[in-house]
Engineer: 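This structure is in structure tokens; I'll ask about it shortly.
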Amino acid sequence: KSIPLTFTVAERPLLILSTQEIDFGLYDTFAELSLENAGNMSLEWKLESPAWIRSAPSSGLIKLNETVKVALDVVRDGLEIGDYTGEISLSLTSQNISIPIAMKVPGAILSTSVSTVRIEGGQAEAGVIISNTGNVATNWSIDDNGLPEWLEIRPLNGRLEAEEAKELVFVATRAGL
């Protein structure tokens with residue numbers, strides 16, 4: 001003898017993401033985010049992101065067992081050198097999801113330990129620290145054509161890695177002055 005059974009399954013969307021976080025680093029400009037509806041009903045979605053991210057598409061409807069690919073482009077133009085973090089917010093039919101997002105704007109930032117070099121009295125030289133507080137390496141050089149004959153700077157050029165500092169030595173030759 002058979003007994004008929006009836007099951008009622010609640011309708012609910014189920015979103016599966018291709019990633020839980022996105023990091024563009026220093027140079028990546030593109031990432032793709034896949035949104036898969038593994039539930040048993042259609043899923044409406046809308047994506048919001050920081051101003052430095054462009055997304056296409058940014059909203060839509062995902063049907064049963066369908067996957068939507070969202071293109072994410074970084075726009076670094078006009079941003080200052082440094083680290084940027086934020087989140088992509090996905091507003092769904094039944095929930096909200098946040099995806100951490102990060103990127104860096106590359107660049108070197110050179111500075112010196114002093115703005116004026118003084119070699120006083122019996123001193124023959126003075127040291128100045130040159131620093132790169134940026135996030136990429138850079139080559140630097142000093143044009144010695146405008147220096148007085150009695151002043152020498154060593155070295156006149158070099159390379160500073162990110163977050164590196166080196167000493168420049170200013171040497172005064174007072175003989176004949």
Side-chain angles (χ1 to χ4, degrees), residues 9-115 127-143 153-168:
V9 178
E11 288 188 347
R12 82 174 236 252
L14 176 62
L15 181 69
I16 298 175
L17 299 172
S18 59
T19 186
Q20 299 301 310
E21 64 181 337
I22 300 168
D23 189 347
F24 290 93
L26 281 168
Y27 301 108
D28 289 345
T29 59
F30 175 81
E32 189 172 79
L33 178 64
S34 294
L35 311 175
E36 179 186 347
N37 183 0
N40 59 8
M41 66 180 281
S42 294
L43 172 67
E44 285 186 60
W45 65 278
K46 181 180 179 183
L47 183 144
E48 292 181 15
S49 62
W52 41 269
I53 295 291
R54 291 207 179 110
S55 61
S58 59
S59 64
L61 180 72
I62 308 172
K63 296 179 182 172
L64 302 171
N65 299 313
E66 184 178 72
T67 299
V68 171
K69 295 186 183 293
V70 179
L72 302 170
D73 293 297
V74 171
V75 181
R76 290 182 173 94
D77 297 340
L79 296 178
E80 294 201 16
I81 296 167
D83 297 351
Y84 290 78
T85 59
E87 63 183 37
I88 291 175
S89 298
L90 275 173
S91 300
L92 308 171
T93 304
S94 60
Q95 65 183 352
N96 292 324
I97 298 174
S98 294
I99 302 168
I101 191 163
M103 68 104 178
K104 297 175 186 271
V105 175
I109 303 170
L110 292 180
S111 62
T112 58
S113 57
V114 296
S115 58
V128 173
I129 303 297
I130 183 171
S131 304
N132 177 7
T133 57
N135 53 25
V136 295
T138 189
N139 295 320
W140 59 271
S141 64
I142 297 172
D143 182 3
I153 302 174
R154 296 188 301 236
L156 283 174
N157 58 58
R159 180 174 179 82
L160 285 172
E161 298 299 323
E163 301 296 328
E164 184 181 22
K166 291 186 179 173
E167 184 177 35
L168 300 177

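Below, all heavy atoms of this structure are taken into account, side chains as well, without hydrogens, waters or symmetry copies.
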Engineer: Measure the shortest side-chain to side-chain distance between Leu35 and Thr67 over non-hydrogen atoms and say whether it is less than 4.5 angstrom.
Structural biologist: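 Leu35 vs Thr67: side chains apart.
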Engineer: If every non-hydrogen atom of Glu161 is compared with every non-hydrogen atom of Ala137, which pair is closest and at what distance?
Structural biologist: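 Taking every non-hydrogen atom into account, OE1-CB, 3.3 Å.
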Engineer: I need the Thr138 OG1 to Leu110 CG distance, nearest 0.5 Å.
Structural biologist: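 One finds 5.5 Å between OG1 of Thr138 and CG of Leu110.
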Engineer: What distance do Arg76 atom CZ and Thr29 atom OG1 have between them, rounded to the nearest 0.5 Å?
Structural biologist: 7.0 Å
Engineer: Any salt bridge (Lys or Arg N to Asp or Glu O under 4.0 Å) pairs touching residues 45-66, not counting sequence neighbours?
Structural biologist: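 Of all non-adjacent pairs touching residues 45-66, those that pass salt bridge (Lys or Arg N to Asp or Glu O under 4.0 Å) are Lys46-Glu48.
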Engineer: Can any side-chain N or O of Ser18 pair as donor or acceptor with the backbone N or O of Ser34 at less than 3.5 Å?
Structural biologist: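 A pair under 3.5 Å: yes.
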Engineer: Looking at residues at least two apart in the chain, or sitting in another chain, which of them share a side-chain contact (heavy atoms from CB on, under 4.5 Å) with Thr19?
Structural biologist: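 Residues passing side-chain contact (heavy atoms from CB on, under 4.5 Å) with Thr19: Ile22, Leu33.
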Engineer: Apply side chain to side chain contact (heavy atoms under 4.5 Å, CB included) to the pair Leu90 and Asn96, showing each step before the final yes or no.
Structural biologist: CA-CA 6 Å; Leu90 275 173; Asn96 292 324; over 6 Å; no
Engineer: Within this structure, what is the CD1-CG distance for the pair Ile97 and Leu92, rounded to the nearest 0.5 Å?
Structural biologist: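 So the CD1 of Ile97 and the CG of Leu92 are separated by 5.0 Å.
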Engineer: Return the OG to CD1 distance between Ser58 and Ile88, rounded to the nearest 0.5 Å.
Structural biologist: 11.5 Å
Engineer: Ignoring hydrogens, what is the shortest heavy-atom contact between Pro100 and Gln20? Give both atom names and the distance.
Structural biologist: CD-O, 3.2 Å
Engineer: Are Ile53 and Ile101 close enough, and set up right, to give a side chain to side chain contact (heavy atoms under 4.5 Å, CB included), and what steps lead you there?
Structural biologist: CA-CA 9 Å; Ile53 295 291; Ile101 191 163; 3.6 Å; yes
Engineer: Please find the pair of heavy atoms, one from Leu17 and one from Leu15, that lie closest to each other, and give the distance.
Structural biologist: CD2-CD2, 3.7 Å
Engineer: Answer yes or no: are there more than 12 heavy-atom neighbours, outside Glu21 itself, under 6.0 Å from its atom CD?
Structural biologist: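 No - once you tally the heavy atoms of other residues, nucleotides and ligands closer than 6.0 Å, there are 12 at most.
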Engineer: Would you say that Val70 contacts Leu72 through its side chain, given a criterion of any heavy-atom pair below 4.5 Å between the two side chains?
Structural biologist: yes
Engineer: Under the side chain to side chain contact (heavy atoms under 4.5 Å, CB included) criterion, do Trp140 and Leu156 qualify, and how do the steps go?
Structural biologist: CA-CA 8 Å; Trp140 59 271; Leu156 283 174; 5.9 Å; no
Engineer: How long is the gap from OH on Tyr84 to CG on Leu79, to the nearest 0.5 Å?
Structural biologist: 4.5 Å
Engineer: Minimum heavy-atom separation for Pro57 and Val68, please, with both atom names.
Structural biologist: CG-CG1, 4.3 Å
Engineer: Measuring from Leu168:CG to Ile129:CD1, what's the distance to the nearest 0.5 Å?
Structural biologist: 8.0 Å
Engineer: Please give me the minimum heavy-atom distance between Gly86 and Trp52, naming the atom from each residue.
Structural biologist: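 The pair with the smallest heavy-atom distance is N-CZ2, 4.3 Å.
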Engineer: Could you check whether atom CD of Glu44 has more than 12 heavy atoms from other residues, nucleotides or ligands sitting under 6.0 Å from it?
Structural biologist: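 Result for CD/Glu44: open.
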Engineer: State whether the side chain of Asn135 and the backbone N or O of Val105 hold a donor-acceptor pair below 3.5 Å, judged by distance alone.
Structural biologist: yes
Engineer: For the side chain of Asn132 and the backbone of Gly134, is there at least one donor-acceptor N/O pair under 3.5 Å apart?
Structural biologist: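 Yes, Asn132 side chain to Gly134 backbone: donor-acceptor pair under 3.5 Å.
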Engineer: Under the salt bridge (Lys or Arg N to Asp or Glu O under 4.0 Å) rule, collect the residues that match up with Asp83, sequence neighbours excluded.
Structural biologist: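 Testing Asp83 for salt bridge (Lys or Arg N to Asp or Glu O under 4.0 Å), a comparison that skips the adjacent residues, returns Lys104.
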Engineer: Do the non-hydrogen side-chain atoms of Trp45 and Ser91 ever get within less than 4.5 Å of each other?
Structural biologist: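 No; the side chains remain at least 4.5 Å from each other.
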Engineer: Could you report the tightest heavy-atom contact between Ile81 and Ala108, atom names first, then the distance?
Structural biologist: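 Shortest heavy-atom contact: CD1-O, 3.9 Å.
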Engineer: Can any side-chain N or O of Lys166 pair as donor or acceptor with the backbone N or O of Arg159 at less than 3.5 Å?
Structural biologist: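 Yes; judged by distance alone, with no hydrogens or angles, the pair exists.
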Engineer: Is atom CD of Gln95 surrounded by more than 12 heavy atoms (other residues, nucleotides or ligands) closer than 6.0 Å?
Structural biologist: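 Count over threshold, so yes.
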Engineer: Between Asn37 (side chain) and Ile62 (backbone), is there a donor-acceptor pair under 3.5 Å?
Structural biologist: yes
